[in-house]
Colleague: 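Following this message is one structure expressed as structure tokens.
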Amino acid sequence: MPRFTPDSTSRNNLEWSEKVLAYNDEIDIGLDEEEANCVRTLNGYRMMMGRRAVKWSARLLECARAHSVEMRDEKYFAHDCPFPGAKHDPHRKPTRRARQAGYGGGVSENIAMGSTDGAATHWQWYGSSGHHRNLLGKGHVEIGVGRADNYCTQNFGSANRAFDLPKKKRVGAGD
């Protein structure tokens, strides 16, 4: 069998991904277990495909979860809020929702309906070409996954490449 020697890009991606996985294990941003499973499944897939893992973002979590709650409560399924009026303007589109949550960069968004299982939701997106492109987006460094019952929103961002120190440890993480 031929020997595989990773090139510098592969080594850099692996080093970044190892930092991200350690960061994600340390920081607690309030993900529920299925939101976390969705991100873990995604990161495993991204790394297998030669992409960098994405780190959790509290601001992207906030806007993703709020969109899932709104879709559930208002009984619609769309990236853009379909209702007119000033009440809905601040969160009509994914980038506006991210800005409302204090996120300073652009976002890409996946939405799903049907499953409450984080890994199964990832595989729903895997089967759709547009969603799949977002899963493997080269510039994505951060993610927020928020769900409300069987509605799920995934927001990818590229604004923050820094690793801020965790504010508090995850429960059960090396205590």
Side-chain angles (χ1 to χ4, degrees), residues 16-17 20 23-24 27-46 49 51-164:
W16 167 272
S17 294
V20 165
Y23 176 84
N24 286 355
I27 194 154
D28 182 1
I29 63 168
L31 292 164
D32 73 25
E33 193 57 32
E34 293 309 321
E35 291 165 341
N37 283 339
C38 187
V39 175
R40 286 185 199 111
T41 303
L42 168 69
N43 276 337
Y45 180 63
R46 284 179 63 88
M49 298 303 292
R51 294 287 193 231
R52 292 177 168 198
V54 290
K55 64 189 182 92
W56 292 333
S57 164
R59 290 182 172 136
L60 291 176
L61 167 66
E62 179 184 329
C63 72
R65 195 176 279 157
H67 187 57
S68 293
V69 167
E70 181 182 81
M71 287 191 298
R72 179 198 63 200
D73 293 351
E74 300 286 346
K75 298 178 179 26
Y76 74 90
F77 183 68
H79 292 284
D80 297 343
C81 176
F83 304 112
K87 171 186 169 192
H88 297 284
D89 284 343
H91 49 94
R92 183 161 314 283
K93 299 204 175 278
T95 301
R96 283 190 192 171
R97 288 191 293 273
R99 272 194 232 119
Q100 272 304 105
Y103 192 75
V107 296
S108 297
E109 182 176 85
N110 287 341
I111 58 174
M113 184 175 67
S115 180
T116 58
D117 179 275
T121 301
H122 166 81
W123 294 113
Q124 279 180 264
W125 287 318
Y126 171 87
S128 162
S129 63
H131 294 107
H132 192 258
R133 280 190 295 278
N134 281 341
L135 295 176
L136 292 176
K138 192 172 186 175
H140 298 153
V141 294
E142 294 181 287
I143 190 165
V145 174
R147 60 185 198 102
D149 299 325
N150 66 336
Y151 289 83
C152 191
T153 303
Q154 188 177 55
N155 290 128
F156 295 94
S158 57
N160 187 0
R161 296 184 188 281
F163 288 94
D164 300 323

Colleague: So do the side chains of Trp56 and Glu35 get within less than 4.5 Å of each other, counting heavy atoms only?
Modeller: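 When only atoms from C-beta onward are counted, Glu35 and Trp56 do not touch, as no gap falls below 4.5 Å.
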Colleague: Locate the shortest heavy-atom distance separating Gly30 from Asp28; write the atom from each residue and the value.
Modeller: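 Scanning both residues completely, I find the closest heavy atoms to be N-OD1, 3.0 Å.
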Colleague: I'd like to know whether Asn134 forms a side-chain contact (heavy atoms from CB on, under 4.5 Å) with Gln154, so could you lay out the CA-CA distance, the side-chain angles of the two residues, the decisive distance to 0.1 Å, and finally the verdict.
Modeller: CA-CA 9 Å; Asn134 281 341; Gln154 188 177 55; 5.8 Å; no
Colleague: Can you name the nearest heavy-atom pair linking Gln124 to Ser115, along with the distance?
Modeller: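 Looks like OE1-CB, 3.5 Å.
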Colleague: With distance as the sole test, does Glu109 use its side chain to make a donor-acceptor pair with the main-chain N or O of Thr153 at under 3.5 Å?
Modeller: no
Colleague: So which heavy atom on Cys38 is nearest to which on Trp125, and how close?
Modeller: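 Closest pair (atom of Cys38, atom of Trp125, distance): SG-CZ3, 3.7 Å.
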Colleague: Does atom OH of Tyr126 have more than 12 heavy-atom neighbours, drawn from other residues, nucleotides or ligands, at distances under 6.0 Å?
Modeller: no
Colleague: I need the minimum non-hydrogen distance between Ala159 and Gly104, along with the two atoms involved.
Modeller: CB-C, 4.5 Å
Colleague: Output yes when a side-chain donor or acceptor of Arg46 lies under 3.5 Å from a complementary backbone atom of Leu135, and no otherwise.
Modeller: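 At least one qualifying donor-acceptor pair exists.
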Colleague: Does some side-chain heavy atom of His67 sit less than 4.5 Å from a side-chain heavy atom of Met71?
Modeller: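 Yes, close enough: below the 4.5 Å cut-off.
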Colleague: So, taking the atom named NZ in Lys55 and the one named OH in Tyr23, what distance separates them when rounded to the nearest 0.5 Å?
Modeller: 4.5 Å
Colleague: When you look at Lys138 and Arg51, which way does the side-chain contact (heavy atoms from CB on, under 4.5 Å) test go after all the steps?
Modeller: CA-CA 7 Å; Lys138 192 172 186 175; Arg51 294 287 193 231; 3.9 Å; yes
Colleague: Mind running side-chain contact (heavy atoms from CB on, under 4.5 Å) on Ser57 and Tyr103 for me, showing each step along the way?
Modeller: CA-CA 9 Å; Ser57 164; Tyr103 192 75; 4.2 Å; yes
Colleague: Check for a donor-acceptor pair, side chain of Ser68 on one end and backbone N or O of Gly146 on the other, with a separation under 3.5 Å.
Modeller: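 At least one qualifying donor-acceptor pair exists.
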Colleague: Between atom CZ of Arg133 and atom CG of Asn110, what is the distance when rounded to the nearest 0.5 Å?
Modeller: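 So the CZ of Arg133 and the CG of Asn110 are separated by 10.5 Å.
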Colleague: Tell me the closest heavy-atom pair linking Asp149 and Thr116, and the distance in Å.
Modeller: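 That closest heavy-atom pairing would be O-CG2, 3.5 Å.
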Colleague: Salt bridge or not between Arg40 and Glu33? Use side-chain N to carboxylate O under 4.0 Å.
Modeller: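 Looking at Glu33 together with Arg40, the answer is yes, because their closest N to O distance falls below 4.0 Å.
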Colleague: Any idea which heavy atoms bring Ala53 and Ser17 closest together, and the distance?
Modeller: N-OG, 2.9 Å
Colleague: Please examine the side chains of Glu34 and Thr121, heavy atoms only from C-beta on, and report whether any two atoms are closer than 4.5 Å.
Modeller: no
Colleague: Is any side-chain heavy atom of Tyr151 less than 4.5 Å from a side-chain heavy atom of Ile111?
Modeller: no
Colleague: Run the side-chain contact (heavy atoms from CB on, under 4.5 Å) test on Asn43 and Val54 for me, step by step, so that the C-alpha distance in whole Å, both residues' side-chain angles and the decisive distance to 0.1 Å come before the verdict.
Modeller: CA-CA 7 Å; Asn43 276 337; Val54 290; 3.3 Å; yes
Colleague: Counting N and O atoms only, with roles assigned by atom type, does the side chain of Thr95 sit under 3.5 Å from a partner on the main chain of Gly106, one being a donor and the other an acceptor?
Modeller: no
Colleague: Would you call Arg92-Asp80 a salt bridge at under 4.0 Å N-O?
Modeller: no
Colleague: So do the side chains of Val107 and Arg97 get within less than 4.5 Å of each other, counting heavy atoms only?
Modeller: no
Colleague: More than 12 foreign heavy atoms under 6.0 Å from CZ of Arg147: is that the case here?
Modeller: yes
Colleague: Which value, rounded to the nearest 0.5 Å, describes the distance between Asn155 atom CG and Glu142 atom CD?
Modeller: 11.0 Å
